[in-house]
Every structure is written in C-alpha cells, then in structure tokens.
Amino acid sequence: MQKLPRKFYSQNTILVAQELLGKFLINKKNGIIRIGKIVEVEAYLGAHDLAAHSCRGITKRTQIMYGDPGYAYVYLIYGMYHCMNIVTEPSGQGSAVLIRALEPIKHLETRTTGPGLLCQAMSIDKTYNGQDLLSNDFYVAAQKDPTPITMVKTTRVGVDYAGIWAKKKLRFYIKNNPYISRK
DNA sequence: AGGATGATATCC
DNA sequence: GATATCATCCTC
C-alpha cells in the first residue's frame, strides 16, 4: 500500500475523482485502524459549478476548498451527518471530490453506503475539517497491483437546484459493487 | 412523504 | 437576530 502524494490531488478534479475509485481510505484513531475501499465519488469543480459549496466564493466554510490540494473538507449536513471531501487542483480553484461510499475492509462495523454513513463508520467528524491527507494516521493509499474496474458515470445526488450543473455526469462508481449508495 | 437537527448564508 | 436552505438517512 502506497500513500498518494500531494501531486496526485493537484490534478484535474474529474481525473482525481475517477482515479480515487478502488483506492483505500485509512484512518487510525485511538489505536484502531479503519480501512475502506473507495467505491463511489462525486466531483465538484469549483466556483463556476453551481452545485459546489464554493460557488459563492471564499467564506469561512469554503476556505478549505480554496486551499491546497490533499486536505479534507468535512462539513455537517442536515444537522446529523458529516460528509467528507478531498480538496483537488492547485490552491484557489475551490474544487473537491466527495467520497460517497466505501467497501469495508478493516474495522468498519456499521454501514458505509452513503456519505453520511461512511463518516459515521470511519469516525470522521467536523474536527477532521482541514486535516492533511498526507498525515501518518489519515490518508489514501493505493495497492501495488490494483484489480481493474469498470466505471459507471452518472449524475450527482441531491443537487437538483443547480440547473444545468445538476445534469452533468460528475458521479462515478465501480460497476456491480454492492456498496454503492444509490443506483 | 416527512422528520430529525444544526451550521451557514443571506436577509432585515 | 431571524429565517430559509441543505452534496442525508430512516421510518412510515
């Protein structure tokens, strides 16, 4: 397992999103190592993407999204669940990739088939906002000889308000994987 | 179809 | 300071 370098995240957001499929999200906390395989993601392209939180410019909330790539953007949604994103592209773009579903690999007891649930299972909360994903206990890694996957491209979830941006196929998942949040 | 539940942005 | 809104999930 090889930790992904900063350079990986600084690439084009769509490319990073697609490449993240099949990689492993690893979180060590209180001596427990939790590992999940990323099976579903969404790309949020930046200030011009009306479905992205960054579409209204830099605020206290979105400053992480506008910062350096390879950092976690975690926020509370609907008062009860957290969602985790990884910031992409060079600083100032406001782009990120939302992690939507994981396949449980190690120490994941509860369901991981959705952005809110996977954060619960990985024990990720808002204190992880701004965390560097190149740290020693929170990072994404690739296996040496990854098994080839078939990718499905479709529309994002919960962004009907975003006009033409709601129709763009910026959600990617591994075909036939049983842990996808929605068809 | 609706409720839980809180941070955020945008208005006065 | 008030309120409308929300990249969700579960129960009915």
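Proteins come first, then strands; the chains are lettered A, B, ... in the order of their sequence lines, and each starts at number 1.
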Within this structure, what is the CD1-SG distance for the pair A/I99 and A/C119, rounded to the nearest 0.5 Å? 9.0 Å
By the 4.0 Å heavy-atom rule, please label A/M65 as base, sugar-phosphate, or nothing. base
Just to be sure I understand the rule, does A/R61 reach a base, reach only the sugar-phosphate, or reach nothing, if contact means heavy atoms closer than 4.0 Å? sugar-phosphate
May I ask you to decide if A/H53's main-chain N or O and A/Y44's side chain share a donor-acceptor pair within less than 3.5 Å? no
Evaluate the criterion side-chain hydrogen bond (donor to acceptor under 3.5 Å, both in side chains) for residue pair A/R111 and A/T113; output intermediate values, then yes/no. CA-CA 6 Å; A/R111 295 181 58 202; A/T113 62; 2.9 Å; yes
Between B/dT5 (P) and A/I77 (CD1): distance, integer Å: 16 Å
Using a 4.0 Å heavy-atom cut-off, does A/T59 contact any base of the nucleic acid, only the sugar-phosphate backbone, or nothing at all? sugar-phosphate
Indicate, with a heavy-atom threshold strictly under 4.0 Å, whether A/K126 touches base, sugar-phosphate, or nothing. sugar-phosphate
To the nearest angstrom, how far is A/R56 atom CZ from B/dT10 atom C1'? 8 Å
With a 4.0 angstrom cut-off to heavy atoms of chain A, pull out the first and last contacting nucleotide of DNA chain C, in 5'-to-3' order. C/dC6 to C/dC10
Under the 3.5 angstrom rule, does the side chain of A/S135 hit a backbone N or O of A/F138 as a donor-acceptor pair? yes
Which pairs, with at least one residue in residues 139-149 of chain A and sequence neighbours excluded, count as a side-chain hydrogen bond (donor to acceptor under 3.5 Å, both in side chains)? none
Base, sugar-phosphate, or nothing for A/L98, non-hydrogen atoms under 4.0 angstrom? base
How would you label the contact of A/R111 with the nucleic acid (heavy atoms, under 4.0 Å): base, sugar-phosphate, or nothing? sugar-phosphate
Whole-Å distance, A/Q63 CD to B/dT8 P, equals 11 Å
Taking atom CD1 of A/I35 and atom CG of A/L25, what is their separation to the nearest 0.5 Å? 9.5 Å
Take A/Y73 and A/Y75, measure what ring pair (Phe, Tyr, Trp, His ring centres under 6.0 Å) needs, and give me the verdict at the end. CA-CA 7 Å; A/Y73 167 48; A/Y75 64 94; 5.3 Å; yes
Can you tell me how far the CG atom of A/D132 sits from the OH atom of A/Y71, to the nearest 0.5 Å? 4.0 Å
In whole Å, I'd like the distance from the CD1 atom of A/I64 to the C1' atom of B/dT8. 15 Å
Separation of atom CG in A/N129 from atom C1' in B/dA7, rounded to whole Å: 12 Å
Select base, sugar-phosphate, or nothing to describe what A/G79 touches, counting heavy atoms under 4.0 Å on all strands. base
Point-to-point distance, once rounded to the nearest 0.5 Å, from NZ of A/K28 to NE2 of A/H107: 12.0 Å
Determine the stems involving DNA chain C; a stem requires 3 or more consecutive pairs of the Watson-Crick or G-U wobble kind, each with both distances below 3.5 Å, and the answer is none if no such run exists. B:1-4 with C:8-11, B:6-11 with C:1-6
